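Chain identifiers are assigned alphabetically (A, B, ...) following the order of the sequence lines, protein sequences preceding nucleic acid strands; residue numbering begins at 1 within each chain. No hydrogens, no waters, no symmetry mates; every other heavy atom, side chains included, goes into these values. Every value quoted in this text rests on a predicted model; they were computed, and no experiment measured them.
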Amino acid sequence: MIENTISKLLVDCVKSLYDSELPSNLAQVQKTRPDFEGDYTVVVFPLLRISKKNPEQTANEIGEFLQNSSEYISGFNVVKGFLNLSISDSYWLNFFNDNWLKDKFGKVDIKDEQALVIEYSSPNTNKPLHLGHIRNNLLGWSVAEINKAAGKNVKKVNLVNDRGIHICKSMLAWQKYGEERKPNDIGIKGDKFVGDYYVKFDQEYKKEIANLIESGSDKEDAEKNAPILLEAKQMLKKWEEGDTEVRELWQEMNQWVYDGFDISYKRMGIDFDKVYYESDTYLLGKSLVEEGLEKGVLFKKEDGSVWCDLSDEGLDQKLLLRADGTSVYMTQDLGTAQLRYDDYNPTDLVYVVGNEQIYHFDVLKKVLKKLGRSWADAIHHLSYGMVELPHGKMKSREGTVVDADDLMDAMYDTAKTTSEELAKFDDFTEEESDKLYNILSLGALKYFILKVDPKKTMMFNPEESIDFTGNTGPFIQYTHARIKSVLRKAKEAKINYNLNFDNHQLEDKEKSLIKLLSDYPIIIQHAAENYSPAVIANYAYELAKEYNQFYHALPMLKEENETKRSLRLAISEFTANTIKSAFELLGIDVPERM
RNA sequence: GGUCUCGUAGCUCAGCUGGAUAGAGCAGCAGCCUUCUAAGCUGCGGGUCGCAGGUUCGAAUCCUGCCGGGAUCACCA
């Protein structure tokens, strides 16, 4: 805000002093580094060509001009080619008076016309959610909320991969070895139950391969022709033909998985505006493929399979339909993209999908373009990095997958132990304690994951993730609770701190905190543009850290000067509200006491 | 091999649309609770920003090459 003002003044200044138009990209205004005096700094080096004077002279001339043209610029100093401007306390107090009671400080009202559809989660229905899915879900949900706060009309959608060979594998294994058991019979979550049969399939498949190799087949042949795999393929074909028995089993098993997923989603605090199912969209995908054949942009091979030739775009040929007529991943993604476009006519179609699928989305866009869909350009693949463990990658085969539910349980236990050790409150009911442990454990987990730049591969160290000190969710939650405690005491003492704050000489820590608070609106915009919850997380941490310094440096309830006391309490409330607001964008709750 | 990515303190990460002496946390050491929540605060030590060139008044940031890690190039999703 003030940066823009200074920037505009600078353009005027150059015009008036040197009779020259300053391109706005040269009007550089940045925050002054803390070890120098001042609030904002103009770098004058780029202006020397225009001023034709040395850096010090130029900086002094400009400084003089700026100070005279704005009541808020109270002084300046020049160090080398850096012009450091001091902003008057009255500016910061004005900002503070205008904003500290605003509910939606930093947020922009949503404009209807800018539909932004964001797909995330996109689970397969053959196994439970793991740590990788957690990153996806947290990112997708948070990016959606951040963009809402930035004024976008956001629609959160999920695309459930409810059909395909992988589900058939679980179904087949259950038919063969399930003995009619159901998840409720043995008290296990439905998604875990179905996942176990997926594992079972794999075990049997491996056995059959081994047997085939022993009886003389080569490896590749054995992998292709293992009877249980052929059976699963047969089942997929039956499914696509609409075979009643297969479809019924499919529906029943999928429902078990959905019931399980719902529990995990609810616990994570994840929701959607609309859920798409691949089983509803793959036919549309197939019809798009037909359309492409008619238009002659796709071709059929001798065996009947359909392909798209992208060699003129530097890519390869890509299969869109198998020879037996069944569809692949790409087929249904064409369909869902079309459906989503028809449903929302969005300006942006964001897909939160791991970076291992960069190539897939490249192809998806290009095929859609070939089909004449110009809106393919709206597709944006938010490709996030993998989550690694200290011992390497998660591999289901090696049993190193971190299960989502187990992880949340473990975090809960740690939150409980830590809270009990600190033993701050003995007046919490069991319900209140349970609620607090949930808030803290999920806060720790979500913050740990979201504070890292989405694009980067991240290391998930279980020991560090449950740490509650330093740059962690609970530290920031603690800061909020601490502020709330002070404010409660102020209320008990019937202190009214809702005053107008003018003509007050700001202390360093008061000013730096107000300055930081004034950044929040820009932070939201920046985070939205970059689809990066990490920007919000890092800001919340800065804010909490700054507040704790303020808290230690300055008394509040014990301050006798009424204006000072009131201002500090008001700053505290503003900070608590901003921490809460920022954490809401990350899907993290903050406690009143902890 | 082609394409894409990443490489910053012992570890995990900020900073990257070029700006001043590169920042946090964890871990280590030393202080601060008869004062508003010590899940906190303060201080100390810790760096050739992978390496080498280039562009620039100025490079962790941009370009090229190399080294090292990862992803991908499936009739899996």
Side-chain angles (χ1 to χ4, degrees), chain A residues 25 28 30 32-33 35-36 41 43-46 48-49 55 79-82 84 122-124 126 161 164-166 224 233 278 301 303 305-307 314-316 318-324 326-330 332-333 353-360 362-363 383 385-386 388 390 393 415 418-419 421-422 424-425 440 444 448 451-453 455-461 463-465 467-472 474-479 481-490 493 534-535 537-538 541-542 544-545 547-549 551-559 568-569 572 593-594:
Chain A
N25 62 325
Q28 291 183 36
Q30 55 198 247
T32 302
R33 293 177 56 109
D35 26 344
F36 294 92
T41 295
V43 183
V44 301
F45 292 110
L48 301 183
R49 261 187 306 138
V79 181
K80 293 191 242 172
F82 299 90
N84 300 321
S122 319
N124 293 346
N126 62 328
N161 257 303
I165 189 73
H166 48 289
K224 263 190 189 157
K233 282 186 169 172
E278 185 187 327
K301 286 194 178 172
D303 64 359
S305 57
V306 180
W307 297 72
L315 300 179
D316 221 338
K318 189 74 193 173
L319 176 92
L320 297 179
L321 272 185
R322 294 188 185 103
D324 67 1
T326 58
S327 55
V328 292
Y329 182 43
M330 187 60 75
Q332 61 87 14
D333 247 8
V353 178
N355 62 13
E356 76 245 334
Q357 293 193 32
I358 290 173
Y359 181 73
H360 171 79
D362 208 13
V363 172
S383 68
M386 299 291 97
E388 290 182 0
K393 287 185 198 155
T418 309
S419 295
E421 275 168 13
L422 290 169
K424 296 215 175 185
F425 305 108
L440 295 180
F448 189 84
K451 75 174 172 182
V452 181
D453 184 336
K455 293 191 294 283
K456 291 194 175 173
T457 302
M458 70 166 288
M459 174 63 65
F460 187 88
N461 185 330
E463 281 170 27
E464 284 175 20
S465 71
D467 206 337
F468 286 8
T469 62
N471 187 357
T472 64
F475 163 65
I476 297 164
Q477 290 171 319
Y478 169 77
T479 306
R482 196 181 214 189
I483 296 172
K484 283 304 172 119
S485 170
V486 175
L487 297 179
R488 268 193 308 273
K489 290 193 167 146
V535 171
N538 287 320
Y541 175 61
E542 284 297 315
K545 220 167 40 148
Y547 182 82
N548 279 304
Q549 290 169 17
Y551 178 94
H552 277 270
L554 304 166
M556 286 177 273
L557 299 175
K558 298 209 158 49
E559 173 59 53
R568 287 171 197 168
L569 288 167
S572 297
R593 297 169 69 193
M594 67 180 273

What nucleotide among [options] has an atom nearest to a side-chain atom of [X]?
{"X": "A:Arg482", "options": "B:rC36, B:rA38, B:rG19", "answer": "B:rA38"}
{"X": "A:Val79", "options": "B:rA20, B:rC13, B:rU37", "answer": "B:rA20"}
{"X": "A:Arg33", "options": "B:rC13, B:rU21, B:rA24", "answer": "B:rU21"}

For [N] versus [M], give the span between their [atom1] atoms, rounded off to a whole number of Å.
{"N": "B:rG15", "M": "B:rA9", "atom1": "C1'", "answer": "15 Å"}
{"N": "B:rG45", "M": "B:rU37", "atom1": "P", "answer": "34 Å"}
{"N": "B:rA20", "M": "B:rC11", "atom1": "C1'", "answer": "30 Å"}
{"N": "B:rG53", "M": "B:rA60", "atom1": "P", "answer": "14 Å"}
{"N": "B:rU64", "M": "B:rC26", "atom1": "P", "answer": "39 Å"}
{"N": "B:rU21", "M": "B:rU8", "atom1": "P", "answer": "23 Å"}
{"N": "B:rG7", "M": "B:rC62", "atom1": "P", "answer": "10 Å"}
{"N": "B:rA52", "M": "B:rU12", "atom1": "C1'", "answer": "29 Å"}

For this session: Compare the aromatic ring of A:Phe36 with the six-membered base ring of B:rA20 and state whether they stack according to the 5.5 Å and 30° rule.
Result: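 So A:Phe36 counts as stacking on the base.
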
Problem set entry | Per-pair stack call A:Tyr551 and B:rG40, 5.5 Å, 30° |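 Answer is no, no stack.
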
Categorize [X] for me: base, sugar-phosphate, or nothing, with a 4.0 angstrom heavy-atom threshold over every strand shown.
{"X": "A:Lys545", "value": "sugar-phosphate"}
{"X": "A:Leu315", "value": "nothing"}
{"X": "A:Thr479", "value": "nothing"}
{"X": "A:Thr326", "value": "nothing"}
{"X": "A:Met459", "value": "sugar-phosphate"}
{"X": "A:Met386", "value": "nothing"}
{"X": "A:Val452", "value": "sugar-phosphate"}

Exercise. Once Watson-Crick and G-U wobble pairs under 3.5 Å are found, how is RNA chain B written in dot-bracket notation, 5' to 3', with | for any base paired to another strand?
Worked result: (((((((..((((.....[...)))).(((((.......))))).....(((((..]....))))))))))))....

Do side-chain atoms of [X] reach the backbone of [Y] as a donor and acceptor pair under 3.5 angstrom?
{"X": "A:Asn548", "Y": "A:Ala544", "value": "yes"}
{"X": "A:Arg593", "Y": "A:Ser485", "value": "no"}
{"X": "A:Lys451", "Y": "A:Asn471", "value": "yes"}
{"X": "A:Asp324", "Y": "A:Thr326", "value": "yes"}

Problem set entry | Non-neighbouring partners of A:Ser305 that pass side chain to side chain contact (heavy atoms under 4.5 Å, CB included), sequence neighbours left out | A:Lys301, A:Asp303, A:Trp307, A:Leu319, A:Ala323

Any idea which heavy atoms bring [X] and [Y] closest together, and the distance?
{"X": "A:Gln477", "Y": "A:Met594", "result": "C-SD, 3.6 Å"}
{"X": "A:Tyr359", "Y": "A:Lys318", "result": "CE2-NZ, 4.4 Å"}
{"X": "A:Ala415", "Y": "A:Leu440", "result": "CB-CB, 4.2 Å"}
{"X": "A:Phe460", "Y": "A:Ser465", "result": "CZ-OG, 3.5 Å"}
{"X": "A:Pro474", "Y": "A:Phe468", "result": "CG-CD1, 3.6 Å"}
{"X": "A:Gly81", "Y": "A:Pro55", "result": "CA-CB, 4.0 Å"}

Report yes if some heavy atom in the side chain of [X] is under 4.5 Å from a heavy atom in the side chain of [Y]; otherwise report no.
{"X": "A:Asn161", "Y": "A:Gln332", "value": "yes"}
{"X": "A:Thr479", "Y": "A:Tyr551", "value": "no"}
{"X": "A:Pro390", "Y": "A:Met459", "value": "yes"}
{"X": "A:Leu320", "Y": "A:Val328", "value": "no"}
{"X": "A:Val363", "Y": "A:Asp316", "value": "no"}

In this structure, how many angstroms lie between the [atom2] atom of [N] and the [atom1] atom of [X], rounded?
{"X": "A:Glu388", "N": "B:rG70", "atom1": "CD", "atom2": "C1'", "value": "7 Å"}
{"X": "A:Glu463", "N": "B:rA27", "atom1": "CD", "atom2": "P", "value": "11 Å"}
{"X": "A:Asn84", "N": "B:rA20", "atom1": "CG", "atom2": "C1'", "value": "9 Å"}
{"X": "A:Phe468", "N": "B:rA38", "atom1": "CZ", "atom2": "P", "value": "18 Å"}
{"X": "A:Lys451", "N": "B:rA24", "atom1": "NZ", "atom2": "C1'", "value": "10 Å"}
{"X": "A:Ile476", "N": "B:rG40", "atom1": "CD1", "atom2": "C1'", "value": "14 Å"}
{"X": "A:Tyr478", "N": "B:rU37", "atom1": "OH", "atom2": "C1'", "value": "4 Å"}
{"X": "A:Asp453", "N": "B:rC16", "atom1": "CG", "atom2": "C1'", "value": "11 Å"}

Protein-nucleotides 54-60 of chain B N/O pairs under 3.5 Å:
none

Exercise. Quick one: on RNA chain B, does A:Pro555 or A:Ala534 contact a more 5' nucleotide (nearest heavy atom)?
Worked result: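 Of the two residues, A:Ala534 wins.
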
Exercise. Which comes earlier along RNA chain B counting from the 5' end, the contact point of A:Ile358 or that of A:Thr469, where each point is its nearest nucleotide?
Worked result: A:Ile358

Problem set entry | Derivation and outcome, side chain to side chain contact (heavy atoms under 4.5 Å, CB included), residues A:Phe82 and A:Val43 | CA-CA 5 Å; A:Phe82 299 90; A:Val43 183; 4.0 Å; yes

Problem set entry | A:Tyr547 versus A:Ser572, side-chain donor and acceptor atoms under 3.5 Å | yes

Collect all protein-nucleotide pairs involving nucleotides 9-11 of chain B in which both atoms are nitrogen or oxygen and the distance is under 3.5 Å.
none

Seminar exercise, completed: Its contact letters, B for base, S for sugar-phosphate only and - for none at protein heavy atoms under 4.0 Å, make nucleotides 72-77 of chain B read SS-BSB

Exercise. Syn or anti for B:rC6, with syn set at within 90° of 0?
Worked result: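 Base orientation: anti.
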
Exercise. Which word best sums up how the rings of A:His360 and A:Tyr329 line up, parallel for under 30°, tilted for 30 to 60°, or perpendicular for over 60°?
Worked result: parallel

Exercise. Looking at B:rA27, does its base get a donor-acceptor pair with the side chain of A:Asp467 below 3.5 Å?
Worked result: no

Tabulate protein N/O versus nucleotide N/O from nucleotides 29-35 of chain B, keeping only pairs under 3.5 Å, one per line.
residue: B:rU35; atom: O2'; partner: A:Lys558; partner atom: NZ; Å: 2.6

Exercise. Quick one: is A:Gln549 getting a side-chain N or O under 4.0 Å of the B:rU42 phosphate, OP1 or OP2?
Worked result: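 Yes.
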
Problem set entry | From CZ (A:Arg568) to CD (A:Glu559), nearest 0.5 Å |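 That separation rounds to 4.5 Å.
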
